[in-house]
Structure formats: C-alpha cells, structure tokens
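Numbers here are sequence positions counted from 1.
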Amino acid sequence: LRGKSKPKGWGSVLNISPPLVDSAKLIYQLNDGAINGVSAVYDRGVALVAGSAYSSLSDLQTTAPSAGQYRVYAAGGYVRLGSTPSGTVTCDATLDASGAGYISAVSDIVLRILVTQCGLYSSEIDPASFVNLKTVQSAAVGIWANAGLVSAAQIIEQLLAGVGAFGGFSRQGAFSVGRIDLPASVGARAFDETVVTRVSREPLPDAVDPMVWQVRVAYQRNYTIQNDLAASVPAARRTFAAEAERESTITDAGVQSRRLLSKVYRSGDGLFANEADAVTEKIRLLTLWGGTEARTPFRVT
C-alpha cells in the first residue's frame, strides 16, 4: 500500500468503499484515525451482522469475527470481516472522532481541518465567525476522501459551498467563515464618505443571474454506485445503491412565468445527511435567489 492515500472523512457518510489494508485478515480502513462508529457493512448490498467492538489493535489483529459478521475497531478506524466477501464491501459510518470527539456540522468540521490538518494557530482563526455559522447552519453533513490526493482547501471549499457558505483569510490574517443570507431588516452599522471611498455594482454569479425559479438540493450522497448487487438485496436498497444522491426540489412557477431567463439552481454534492435539512435549505435558497425581484450585489471599499 506504499504510496497510496489513506482514507479520511468527517461526519455521516453512506456506502463508502473502504480500502482493504490486510487481505489475509480481511481488515478494511475507513478513516486515518478514530471514528465514531459503523452502522452497517454490506457485501454486494447484503447487510452483514455486527459483532462486538474491538477493544485494542492487538485484539483486531488476533481475533476474527464469526462468518457473516463484522467487527469495528473505532479507535483506529478499521473494520474486520469474518469471511471472504463475494463482491464489493461498503459501509455506512460516522467518521472522524479525533480530538474532542465526533462532529458533523460544517463549521465544526472546517475548524477541525484548519487546526489538525493545516496547523493553523488560534491567532489565525476568527472563532466568532464559526460560532455564527453554526448558529444559522448546524445540520449534520458528511464527506469522505479516498481516491488520489485531495487538499484541505478542496475539502473545505466543498463543505462550505454545500451549505451556501464561504470562507477565507481576512486582512488581519485570520480565517473566517460566513453564509450568504438576506440582509437584516435593521442596519447593524452605518458608514459615511469619511470611511467609504467607492460603491460599485457587482454581477451576480451565472448560476443565479438574473434569478432562480427552481432549487434542487442534494442529500445522502452514495459514495459507491452499484449495479452488481446480490439477488437477495431488497428493492429499496437497490434503488439507493444505483443513484449517486437524493434530491429535494422546490419550484416557483410564478417566477418562471415572469422571468423567462430565470434558472434552475442546484446546490451541494449530497453532503446533507438528512432529507429534512435539504428541505430547509432549498426553501432558504429559493427565498434568497428567487422572490419578486433580482438581487443586486454591491462592492463597498
């Protein structure tokens, strides 16, 4: 396995294909580090039986599960099978549980990546912005990286974009995050010509210009699309395994009739763990980018 990337993930993920790291003992690695747990393991879509958890690495290496079972060593991020699988092995799991333990909100995951993977100091992070983002968006998400080299920047960008948020370093050198929302009804601060030198219009992103009449939000990403399932696999599981993700859609036909150039906006990569959170997000996005009039962004310097 020398030269291959170790798997790394955060939050709740479905149907991931963990790499086999010990073919003799049928040990698979879900995450490079401690995980919260594994809710299901499948062999060609057939659910295996969960055995008792391993208490140590030596226990994992010396004690095999019974045939048709799997056992988890959460502290190391491993799963061991009790019998040779007939096909693709996949898992549903809640991943990274390092440091202070398991987390699933985007703000918490991004903060952990910045500290543990990027090595940022506390002086290089704006903590208040992370608290604010979690206040407005605390939904459970999940993301898993296994194939090839993936940078922390790519993971962070995907996580933030998946919930309509953004992030970057301020002029003071601190990484901050936020979410694009409608302005508050009451202004929080006033500026005059002594501090504002220029106000100019900015174009909207192409995805929402001039406005949106339909929003689709993806959720429950399937990390392993399968069409080779065993004959005994239930129909619901077959349907899930055949699709990359689920979608929740909301439409405003009035906007479509008034604005012939209005667009369909698709958000996220299926990072939301629960359908209810995707429903909440689609309503928010249609309110933000649809409505009765187009949004006009400004740049103030």
| request: Could you give me the CA-CA distance, side-chain angles and deciding distance for Thr63 and Arg71, then say whether side chain to side chain contact (heavy atoms under 4.5 Å, CB included) is met? | output: CA-CA 10 Å; Thr63 309; Arg71 296 178 65 185; 3.4 Å; yes
| request: Determine, stepwise, if the pair Asp209 / Lys263 fulfils salt bridge (charged side-chain N to carboxylate O under 4.0 Å, His left out). | output: CA-CA 7 Å; Asp209 185 23; Lys263 296 185 175 182; over 6 Å; no
Identify the two heavy atoms, one from [X] and one from [Y], that lie closest to each other, and give their separation to 0.1 Å.
X      : Y      : result
Arg201 : Thr296 : NH1-CG2, 2.8 Å
Ala230 : Val46  : CB-CG2, 3.6 Å
Ser248 : Val279 : OG-CG2, 3.5 Å
Pro210 : Arg259 : CB-NH1, 4.4 Å
Phe272 : Ala218 : CD1-O, 3.8 Å
Gly68  : Leu48  : O-CB, 3.6 Å

May I ask whether [X] and [Y] are part of the same hydrophobic cluster, defined by side-chain heavy atoms of I, L, V, M, F, W, Y residues being less than 4.5 angstrom apart, directly or through others?
X      : Y      : value
Leu159 : Tyr102 : no
Leu260 : Val212 : no
Leu95  : Leu20  : yes
Leu133 : Leu120 : yes

Is it true that a side-chain atom of [X] and a backbone atom of [Y] form a donor plus acceptor pair closer than 3.5 Å?
X      : Y      : answer
Thr251 : Ala253 : no
Tyr28  : Leu81  : no
Gln220 : Ala273 : yes
Arg80  : Leu60  : yes
Ser129 : Val177 : yes
Asp252 : Gly254 : yes

| said: Under the criterion side chain to side chain donor-acceptor pair (under 3.5 Å), I'd like the reasoning laid out for Ser17 against Thr224: C-alpha separation, chi angles, the key distance, then a yes or no. | reply: CA-CA 6 Å; Ser17 298; Thr224 309; 2.6 Å; yes
| query | Phe169: what forms a ring pair (Phe, Tyr, Trp, His ring centres under 6.0 Å) with it, not counting sequence neighbours? | reply | Phe175
| remark: salt bridge (Lys or Arg N to Asp or Glu O under 4.0 Å) pairs touching residues 7-17, sequence neighbours excluded, are Lys8-Asp96
| query | Is Arg221 positioned over the aromatic face of Tyr223, cation under 6.0 angstrom from the ring centre and no more than 45 degrees off axis? | reply | yes
| No-hydrogen, no-angle side-chain donor-acceptor test under 3.5 Å, Arg216 and Gln214 | yes
| query | Regarding Thr94 and Asn36, is there a side-chain donor-to-acceptor distance under 3.5 Å anywhere? | reply | yes
| query | Going by heavy atoms in the side chains, are Pro18 and Pro7 under 4.5 Å from each other? | reply | no
| message | Contact between Trp289 and Val215 at the side-chain level, heavy atoms closer than 4.5 Å - yes or no? | response | no
| said: Please determine whether salt bridge (charged side-chain N to carboxylate O under 4.0 Å, His left out) holds for the pair Asp108 and Lys134, giving the CA-CA distance in whole Å, both sets of side-chain angles, and the decisive distance to 0.1 Å. | reply: CA-CA 8 Å; Asp108 292 335; Lys134 189 170 182 179; 2.7 Å; yes
